[in-house]
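Following: one structure in structure tokens, then a few remarks.
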Number of protein chains: 2
Amino acid sequence: MDNKEKLRKVGLRPTKQRMIIADILLDGINRHFTAENLQNEINSSGNSMSIATIYNCLKKFRNCGLIKQVESSKDTAIFDTNINQHHHFLDEETGELIDIENDEVNLHKLPKIPQGYLNNGVEVLIKIKKQI
Amino acid sequence: MDNKEKLRKVGLRPTKQRMIIADILLDGINRHFTAENLQNEINSSGNSMSIATIYNCLKKFRNCGLIKQVESSKDTAIFDTNINQHHHFLDEETGELIDIENDEVNLHKLPKIPQGYLNNGVEVLIKIKKQI
DNA sequence: CAAGTAGTTTAGAACGATTTTAAAGTAAAA
DNA sequence: TTTTACTTTAAAATCGTTCTAAACTACTTG
Ligand SMILES: [Mn+2]
Ligand SMILES: [Mn+2]
Ligand SMILES: [Zn+2]
Ligand SMILES: [Zn+2]
């Protein structure tokens with residue numbers, strides 16, 4: 001399925017701008033990135049795009065499930081092209097995130113979900129720091 | 001140990017402002033809050049404080065281990081008075097966080113920490129959503 | 001295809017959270 | 001007590017992100 005179809009399938013019009021972003025993000029390679037990182041990649045690919053459009057697209061892509069947004073206490077939003085349930089190592093010094101595939105973690109015991117709520121995904125974050 | 005001692009012990013001068021904040025935060029009750037939430041509590045207690053001072057103190061308190069900062073993709077920083085290793089339920093709709101005590105989760109299998117790094121804490125986030 | 005219309009892009013302004021500045025104030029050290 | 005280093009503050013600055021409103025474009029309908 002090409003990117004045009006992927007966009008159509010989630011109900012997004014395949015505009016020129018969304019196709020440029022899809023060509024960068026939906027190539028099957030997992031990456032973590034900010035809006036500014038993406039703008040740099042767009043520029044490097046010989047294109048250019050308003051930062052407002054980049055934010056618009058990232059929000060649409062995220063809401064349609066084409067990408068995820070990472071929970072992060074940094075002040076810049078971090079997005080993730082790995083949309084499978086998975087986990088992360090985080091180096092808090094540098095902010096670097098490393099994927100952990102779902103089957104590398106085994107949660108033996110989980111607490112009861114609060115009354116009236118449904119489980120909507122479990123994420124494990126392993127904070128790491130450089131050995132001295 | 002009173003709050004003045006607690007501050008001294010972590011190497012912070014017990015200034016008037018830090019004592020006001022310590023009196024609110026270090027009362028043994030676990031809570032999640034923003035800088036603005038705290039400013040409101042300070043105001044309600046009959047005191048007042050510059051927002052810059054509140055941010056200064058929260059950063060110092062966090063760096064000294066008196067409070068934690070939660071990983072959150074919201075744009076406002078969320079702090080946590082529960083400094084034990086623990087986990088959270090997150091309602092992504094509302095942003096509400098609920099503590100999960102450490103012994104309510106059992107991680108059976110963990111991935112190998114990357115070469116040259118040390119494990120610096122594991123956090124489990126269980127996203128929940130309201131049942132319809 | 002030819003309108004029509006609903007959705008999209010954009011530059012720039014606006015916004016909200018946080019940090020910086022620099023001057024005045026305070027705690028601890030000498 | 002004097003000195004020194006640290007802290008607080010209001011206000012300005014900064015930074016990431018969203019809003020505005022006008023121009024543009026993809027899709028729909030005839
Ligand atoms: Mn955040
Ligand atoms: Mn932000
Ligand atoms: Zn990831
Ligand atoms: Zn907590």
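What's counted below: heavy atoms across the whole structure, side chains too, no hydrogens, waters or symmetry copies.
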Do the side chains of A/L26 and A/I21 get nearer than 4.5 Å, heavy atoms only?
no

Shortest non-hydrogen contact from B/E123 toward B/H86:
CG-O, 4.3 Å

Could you list by number each residue of residues 10-17 of chain A showing a heavy-atom separation from DNA chain C of less than 4.0 Å, or answer none if no residue does?
A/R13, A/T15, A/Q17

Is any side-chain heavy atom of B/M1 closer than 4.5 Å to a side-chain heavy atom of B/K9?
yes

Would you please say whether a donor-acceptor pair under 3.5 Å links the side chains of B/D23 and B/N3?
yes

Within residues 48-62 of chain A, those residues having any heavy atom closer than 4.0 Å to DNA chain C are A/M49, A/S50, A/A52, A/T53, A/N56, A/K60

Side chains of B/T34 and B/N37: is there a donor and an acceptor less than 3.5 Å apart?
yes

Using 30° and 60° as the class limits, which term best fits the ring planes of A/H88 and A/H32: parallel, tilted or perpendicular?
perpendicular

If a stem is a run of at least 3 consecutive Watson-Crick or G-U pairs, both distances under 3.5 Å, which stems include DNA chain D?
C:1-30 with D:1-30

Atom CG of A/N47 and atom CD1 of A/I24: how far apart are they, to the nearest 0.5 Å?
7.0 Å

Under a plain distance cut-off of 3.5 Å, with no hydrogens placed, do A/E71 and B/S73 share a side-chain donor-acceptor pair?
yes

Using 4.0 Å as the upper bound for N to carboxylate O, is an ion pair formed by A/R31 and A/E41?
yes

Given atom CD1 of A/I20 and atom P of C/dT8, what is their separation to the nearest angstrom?
16 Å

